[in-house]
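Remember, it's a predicted structure, so these values are computed and weren't measured experimentally.
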Amino acid sequence: MEQTKEKRFSRFFQKLLKRSQQETKRVTPTRAPRIGLALGCGGAQALVHIGVIKALEDNNIPIHAVSGCSMGAYIGALWATGMSAEEMISKVAVFQDKKVLKKMADPAVPPIKGLFYGNIVKDNLEKQIGSPKIEDLKRQYIAIAANLDNYQRVVFNKGDLLSAVHASCAMPGIVVPVEVNGIRCVDGGVVDPVPVGALRDYTDVDIMIAVSTTPSLSDIESAEPTIIVEEILPSIENESWLKTKLNILGQKYNPAAKGNMLDTLRRSLKASQIRLAQESCKCAHFTIHPITENSKWDDFINYEHFIEEGAKATLAAMHEIKKLTEPIADTMKLD
């Protein structure tokens with residue numbers, strides 16, 4: 001009788017031990033992480049985003065969602081609708097012709113709220129991608145604009161894509177504010193120059209990669225002081241008297257000339273963007289920071305340079321980026 005009890009206990013103990021070993025050997029279910037890409041502002045400099053996208057595509061890095069402001073919103077919209085980096089490069093190649101840029105200008109008359117309406121740029125975007133709804137895009141997409149009435153950011157994650165991009169690109173003083181659903185909007189770079197937080201708050205991504213063309217505080221602190229006088233005054237050497245006088249006249253009456261009203265506004269916004277961008281990038285899992293020193297915000301003719309810099313910075317960081325694609329625990333299956 002005692003032996004029978006011992007055998008039963010032994011078999012029971014062995015079953016418990018076997019079950020415990022099976023539990024230990026159970027493999028935790030995993031899945032590929034959902035990666036989001038935050039594309040910052042920067043005018044022509046933001047063309048680096050195309051180079052970044054090209055490098056990611058060439059290395060098969062899957063991107064689940066994209067957010068953008070200003071030019072980053074424009075490029076992000078092209079990509080979210082299914083356009084490849086190679087196709088985008090062919091689109092911006094037209095910038096080699098200065099006449100193309102001039103044709104995109106639609107002066108606001110009178111220029112009270114801005115110099116241009118931006119409608120031609122919007123129409124050009126429509127020719128390229130049609131008039132899709134944001135919720136119907138191939139990737140999750142977010143565009144950021146600034147609300148002039150309550151000073152908050154406007155997050156476009158549904159509705160008309162063209163209006164969202166138009167609003168996000170409305171540079172203060174340059175483009176007339178864009179009204180969307182009764183909200184007066186301007187360039188998203190005013191409130192969120194690298195929209196990392198929008199990815200975190202409005203999409204289901206696990207990993208966030210930021211792309212910023214905005215100088216960091218360390219870049220500013222290490223830079224040599226700029227001699228403003230030399231920038232503003234025209235060079236007189238080897239110039240005709242008439243040309244010199246026309247240059248001076250342009251500086252006096254062109255509001256966008258260096259040192260004048262719009263240039264001062266743009267530089268003031270840049271000063272605040274530097275700190276905002278740095279704080280946003282701290283929230284990202286990784287930041288790509290292409291170097292675009294000594295380049296102008298409207299230098300679209302040199303698009304190849306910016307695209308090359310974007311690709312170069314991304315390829316240099318590819319080892320770290322690939323680490324972000326490693327499988328993560330699938331908590332849904334664990335539940």
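Val191 is not connected to Val194 by any chain of hydrophobic side-chain contacts under 4.5 Å among Ile, Leu, Val, Met, Phe, Trp and Tyr, and they are in different clusters. The hydrophobic cluster containing Val196 does not contain Ile53, counting ILVMFWY residues as joined when their side-chain heavy atoms lie under 4.5 angstrom apart, directly or transitively. Hydrophobic clustering of Ile, Leu, Val, Met, Phe, Trp and Tyr side chains at less than 4.5 Å, counting indirect connections, unites Val48 with Leu39.
Checked by atom type and distance alone, the side chain of Asn124 never pairs as donor or acceptor with a backbone atom of Ile120 at under 3.5 Å. Under the 3.5 Å distance criterion, the side-chain polar atoms of Asp187 are left unmatched by any main-chain donor or acceptor of Ala170. Judged purely by atom type and a 3.5 angstrom limit, Arg139 uses its side chain to pair as donor or acceptor with the backbone of Ile63. Remark: side-chain polar atoms of Asn302 are not paired, donor with acceptor, to backbone N or O of His305 under 3.5 angstrom. Judged by distance alone, the side chain of Thr81 and the main-chain N or O of Ala77 form a donor-acceptor pair under 3.5 Å. A distance-only check finds a donor-acceptor pair linking the side chain of Glu135 to the backbone of Gly159 [under 3.5 Å]. When atom types are taken as modelled, the side chain of Asn147 and the backbone of Arg153 share no donor-acceptor pair closer than 3.5 angstrom.
The two residues Ala38 and Pro195 come nearest to each other via the heavy atoms CB-O, 3.6 Å. Between Tyr117 and His166, the shortest heavy-atom contact is O-NE2, 3.1 Å. Taking both residues in full, the closest heavy atoms of Val66 and Gly76 are given as CG1-O, 4.0 Å, listed atom of the first, atom of the second, then distance. When all heavy atoms are compared, the tightest approach of Pro290 to Val211 is CD-CG1, 4.3 Å. Ser168 and Ala143 make their closest contact through CB-CB, 4.5 Å (heavy atoms, listed as atom of the first residue, atom of the second, distance).
Glu309 is linked by a salt bridge (charged side-chain N to carboxylate O under 4.0 Å, His left out) to Lys312, counting only residues two or more places apart in sequence or in another chain. Checked against side-chain contact (heavy atoms from CB on, under 4.5 Å), Val205 has the following partners two or more places apart in sequence or in another chain: His64, Ala65, Leu199, Thr203, Met208. With sequence neighbours excluded, the residues satisfying side-chain contact (heavy atoms from CB on, under 4.5 Å) with Ile321 are Leu56, Ile61, Ile209, Phe286, Ile288, Thr314, Ala317, Met318.
For the pair Leu276 and Asp192, the minimum side-chain heavy-atom distance is 4.5 Å or more. Side-chain contact check for Val176 versus Phe116: every heavy-atom pair is 4.5 Å or farther apart. Looking only at side-chain heavy atoms (C-beta outward), Met104 and Val100 come within less than 4.5 Å of each other. Val92 has its side chain within reach of Ile307: a pair of non-hydrogen atoms, C-beta onward, lies under 4.5 Å apart. Using a 4.5 Å heavy-atom threshold, the side chains of Ile144 and Val154 count as separate. Counting heavy atoms from C-beta outward, Tyr141 and Leu161 have side chains that approach closer than 4.5 Å. In this structure the side chain of Ile50 never reaches within 4.5 angstrom of the side chain of Tyr303, judged on heavy atoms.
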(request) Would you sort out whether Glu126 and Ser131 count as a side chain to side chain donor-acceptor pair (under 3.5 Å), showing the intermediate values? (result) CA-CA 6 Å; Glu126 184 177 9; Ser131 304; 2.9 Å; yes
*asked:* Would Asn157 and Gln140 count as a side chain to side chain donor-acceptor pair (under 3.5 Å) here? Give the steps.
replied: CA-CA 8 Å; Asn157 61 348; Gln140 289 187 39; over 6 Å; no
Q: With salt bridge (charged side-chain N to carboxylate O under 4.0 Å, His left out) as the test, would you mind laying out the steps for Asp206 and Arg31 before giving the verdict?
A: CA-CA 11 Å; Asp206 307 296; Arg31 62 172 174 81; 2.9 Å; yes
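Ion pairing of Arg34 with Asp204 is present here, as a side-chain N (NZ or NE/NH1/NH2) and a carboxylate O approach within less than 4.0 Å. Residues Lys54 and Glu57 are not paired through a salt bridge, judged by the lack of any N-O separation under 4.0 Å between the basic side chain and the carboxylate.
Side-chain polar atoms of Asp330 and Thr30 form no donor-acceptor pair below 3.5 angstrom.
Open room surrounds CG on Asn181; 12 or fewer heavy atoms of other groups in view lie less than 6.0 Å from it.
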